[in-house]
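Working notes, structure below.
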Amino acid sequence: MISLSLPSPASSPSSLKPSNHSRHKISSVRPPENISFESLKNRVIRHADVGHAEEAISTLDLMSRANLTPDLTTYSVLLKSCIRTRNFELGRVVHSRLTESRLELDTVVLNSLISLYSKCGDWGKAEEIFSSMDETRDLVSWSAMISCYAHNGLNLEAVLIFFEMVEFGEWPNEFCFSAAIRACSNREYARIGLVIFGFLMKTGYFESDVCVGCALIDLFVKGFGDLELALKVFDEMPVKNSVSWTLMITRFTQMGSPRDAIGLFLDMIIAGYVPDRFTFSSCLSACSELGLLSIGHQLHTWVVKTGLCLDVCVGCSLVDMYAKSTVDGSMDDSRKAFDRMSNHNVMSWTAIITGYVQNGGRDNEAIELYCRMISEGRVKPNHFTFAALLKACGNLFNPRLGEQIYGHAVKFGLSPVNCVGNSLISMYTKSDRMEDARKAFEFLFEKNLVSYNTLVDGYARNSDSDEAFELFNQIENSNIGVDAFTFASLLSGAASIGAVGKGEQIHARLLKAGFESNISICNALISMYTRCGNIEAGFQVFNEMEGRNVISWTSIITGFAKHGFAEKALELFNQMLDSSIKPNEVTYIAVLSACSHAGLIDEGWRHFDSMFKEHRIRPRMEHYACMVDILGRSGFLNKAIKFINSMPYTADALVWRTLLSACRIHNNTEIGKHAAEMILKQDPNDPAAHVLLSNLYASTGQWENAAKIRKDMKERSLVKEAGCSWIEIANKVHKFYVGDTKHPEAKEIYEELDELAMKIKEMGYVPDTNFVLHEVEEERKEQYLFQHSEKIALAYGLISTAKPKPIRIFKNLRVCGDCHTAMKYASVATGREIVVRDSNRFHHIKEGMCSCKDYW
DNA sequence: GTAGGGTTAG
């Protein structure tokens, strides 16, 4: 973890601050007598053209000192150059010099000024100049102003001034049309866009002007989401150029048709148009989207040949493509592409930072790069940068670092930007800091659907379904609207606490809202039903789906694996391969855990070997842990140790914890002790290791050692996650802790429990006091056993539900061995089916048998 | 003097 000393953005080099050109020293050197007005004027222009702002201004001042007063043309040319080179700071200086010069500004200069302020985002200033013009404004002034509004997101203003102009008696030209249509290229104003489209068709501009065609393409894509119509416009455009081709390619990629985008690119090349930096950039994004690194490589070679790889825009796409690729080592290729770029802007920095964050577990490197970016001080971060950084802090479970970074966002004035605030909320929810998340939510400048969804997801993730639903009701009653994300979050919330009733309610509501064919939602439904214990319903959703992706398959395979139907899980895995769906890392975790739950050692090895050989998926720590589990559960503890020592990386706590659990099942204190020591070496405060080790000693009767560990835990003030079980009755979740008497029906519950104890003892049940983890007398031990939370939940289930409904119990930790035995007897004694979901898997207990075959 | 194409939080 990084102990952060973030460079302070305030102490960064002055280039981050707006520099004040009026402070620049005026050269005290007098110009030689013989230098002419023309040569100085040309020098100003030359400096401006190559972006030497300070020199241009110095020369301008030199002219004044030599009594060669610059004329309006000098200013005008300089201004245009500033706009062309996007040197807005210099443009502002030129404007102030113009004002000081008391020259009378003509329409051309004023139009340039409107354009200058439009482009640097100062639309108020542009508006001011436009208003001051009155009779002198011409068609260019109007179109500059329309486009200024459109460019700055003031769509309504753009539309209004367009019609105002028409009313004023001006006939719009192609510039006005394309700007006005651009202002309508969104869901809100799309219909007005159609009106303008109708007007446009009375002119000849659609046929003659490429820009107008491009604006129309975007009207249909962004305004109506209709790629087909956009393509029709494109096809009917009599004049095309590289920009219009590139626009179409880009929109296809963005609208989720990267394959068509690549096809269009080939058409473009065949038609003889020359691709430029934007074209390559877009095609590289399409490859990234498709996961087609082979074409990406070819494009990479091409841009290297043309020299375009040095361009920031192309470089960004290369960085992004390699970062998003799942091919081994491609993140390093991404970094190489970044390092090779000749200069960087916010986008390239953000692309590489985002790459490290999204490409699994390199969040620290993302933070380090940000530090470098800030200390170099040439480029200012933007809201995208902060969104990525806050996500990194969330992944690192380091909200304190996130707060420091958020402090930077505040200093850069980016804290009111929606996605920065939303990222902050998300970061807090990942570290279970729901109160801080709520505060950040309330503090938001503007709450949008993402803000709500993030918080809903946070509550759901933290098993607070009441808050999640409360918020959901708020969303439903507002005009924010719900989307697939909202439903998916709620479903995963219901899944995590096993609230199938709530899950069914959401299912009904999403059907009503028309989300039933959304693939992500269906995947969430599969996962909700299977995690809530209803594997049949999950399988039904899976079977009824139209298009299934790798997540759908993985969800159902995981479902069957967790329910102990290993054969079915593996059968589905084979079906998945047959339907040419490529498995991913998660799929293999499901497959290997299926083998583990069913004790299929050979099959496990076979899949473990084939994941890299056949699918180029390098086993992660989790996969090694699955193999350790397979070996350990089957009692091959020495083989498991050997396997751990042969791993290509140092085993982490997860692997050792897996081995430790196996040692507990097979009562092997020697290896267990070693495993626990290895865990504590890496994480001395790991409460789970302490507990497991103490349990191990307790279960083999080494009470002294067990007590020592407990004492050590107390001294370190480690808190073990309290064991608890819950059950959903009539859409309400009832939660029980050990010996819990807080429930309003506690009396009835304990009476039922006593009766059940008697019944099953008569049937031959013998309490297994090895599972009592305190050193007390035998008789007390039995009492303790009957206060376990899962037994209390079972008793409550028995008195509040009737046959033939199965009783579904959920437990946050693994189910206790004695409870497991007791439940098998209870299933016979009561004739009820009992389903228990523990932290690891499902147990379907029926007629005295459990689906786990007592192997878990 | 006015117009078009690339990163996006859950």
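Numbered from 1 within each chain, the chains take letters A, B, ... in sequence-line order. Values below: every heavy atom of this structure, side chains too, minus hydrogens, waters and symmetry copies. What you see is a predicted model, and the numbers here were worked out from it, not measured in a lab.
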Quiz item: Do the side chain of A:Asp218 and the base of B:dG4 come within less than 3.5 angstrom through a donor-acceptor pair of N or O atoms?
Solution: no
- Item | Side-chain-base donor-acceptor pair under 3.5 Å for A:Ser281 and B:dG6 | no
Atom [atom1] of [X] to atom [atom2] of [N]: distance rounded to whole Å?
X: A:Leu389; N: B:dT7; atom1: CG; atom2: C1'; answer: 14 Å
X: A:Phe220; N: B:dG4; atom1: CZ; atom2: P; answer: 20 Å
X: A:Glu170; N: B:dT2; atom1: CD; atom2: C1'; answer: 13 Å
X: A:Leu247; N: B:dG6; atom1: CG; atom2: C1'; answer: 12 Å
X: A:Leu444; N: B:dA9; atom1: CG; atom2: P; answer: 16 Å
X: A:Ile217; N: B:dG5; atom1: CD1; atom2: P; answer: 12 Å
X: A:Phe386; N: B:dT7; atom1: CZ; atom2: P; answer: 20 Å

Any A:Arg182 side-chain nitrogen or oxygen under 4.0 Å from OP1 or OP2 of B:dA3: no
Under 4.0 angstrom between A:Gln254 side-chain N/O and B:dT7 OP1 or OP2: yes
Base, sugar-phosphate, or nothing: which does [X] touch, judged by heavy atoms less than 4.0 Å apart?
X: A:Thr107; value: base
X: A:Ser143; value: base
X: A:Ser242; value: base
X: A:Ser282; value: nothing
X: A:Val210; value: base
X: A:Arg277; value: nothing
X: A:Lys119; value: sugar-phosphate
X: A:Asn448; value: base

So, [X] and [Y]: side-chain donor and acceptor under 3.5 Å apart, yes or no?
X: A:Thr454; Y: A:Asp457; result: no
X: A:Tyr459; Y: A:Arg438; result: yes
X: A:Asn523; Y: A:Ser520; result: no
X: A:Glu403; Y: A:Tyr428; result: yes

So if I take every side-chain heavy atom of [X] and compare against [options], which nucleotide ends up nearest?
X: A:Val450; options: B:dG5, B:dA9, B:dG4; value: B:dA9
X: A:Ser423; options: B:dT7, B:dA9, B:dG5; value: B:dA9
X: A:Thr279; options: B:dG5, B:dT7, B:dA3; value: B:dG5
X: A:Met347; options: B:dA3, B:dG5, B:dT7; value: B:dT7
X: A:Asp209; options: B:dA3, B:dT7, B:dG6; value: B:dA3
X: A:Ser115; options: B:dT7, B:dG5, B:dA3; value: B:dA3
X: A:Cys419; options: B:dA3, B:dG4, B:dA9; value: B:dA9

**Prompt:** Between A:Asp432 and A:Arg461, is there a side-chain N and carboxylate O pair less than 4.0 Å apart?
**Reply:** no
Correct closest heavy-atom pair for A:Val410 and A:Ser415 would be CG2-CB, 3.8 Å
Per the under-4.0 Å heavy-atom filter, residues of residues 314-325 of chain A near DNA chain B come out as A:Cys316
Sorted by chain and number, sequence neighbours left out, ring-ring contact (aromatic ring centres under 6.0 Å, His included) with A:Tyr189 holds for none
- Task: In sequence, state the C-alpha distance, the side-chain angles, and the governing distance for A:Asn422 and A:Ser451, and then conclude on side-chain hydrogen bond (donor to acceptor under 3.5 Å, both in side chains).
- Result: CA-CA 5 Å; A:Asn422 290 342; A:Ser451 327; 2.9 Å; yes
Report task. Show your reasoning for whether side-chain hydrogen bond (donor to acceptor under 3.5 Å, both in side chains) applies to A:Thr74 and A:Asp71. Result -> CA-CA 5 Å; A:Thr74 313; A:Asp71 62 351; 2.4 Å; yes
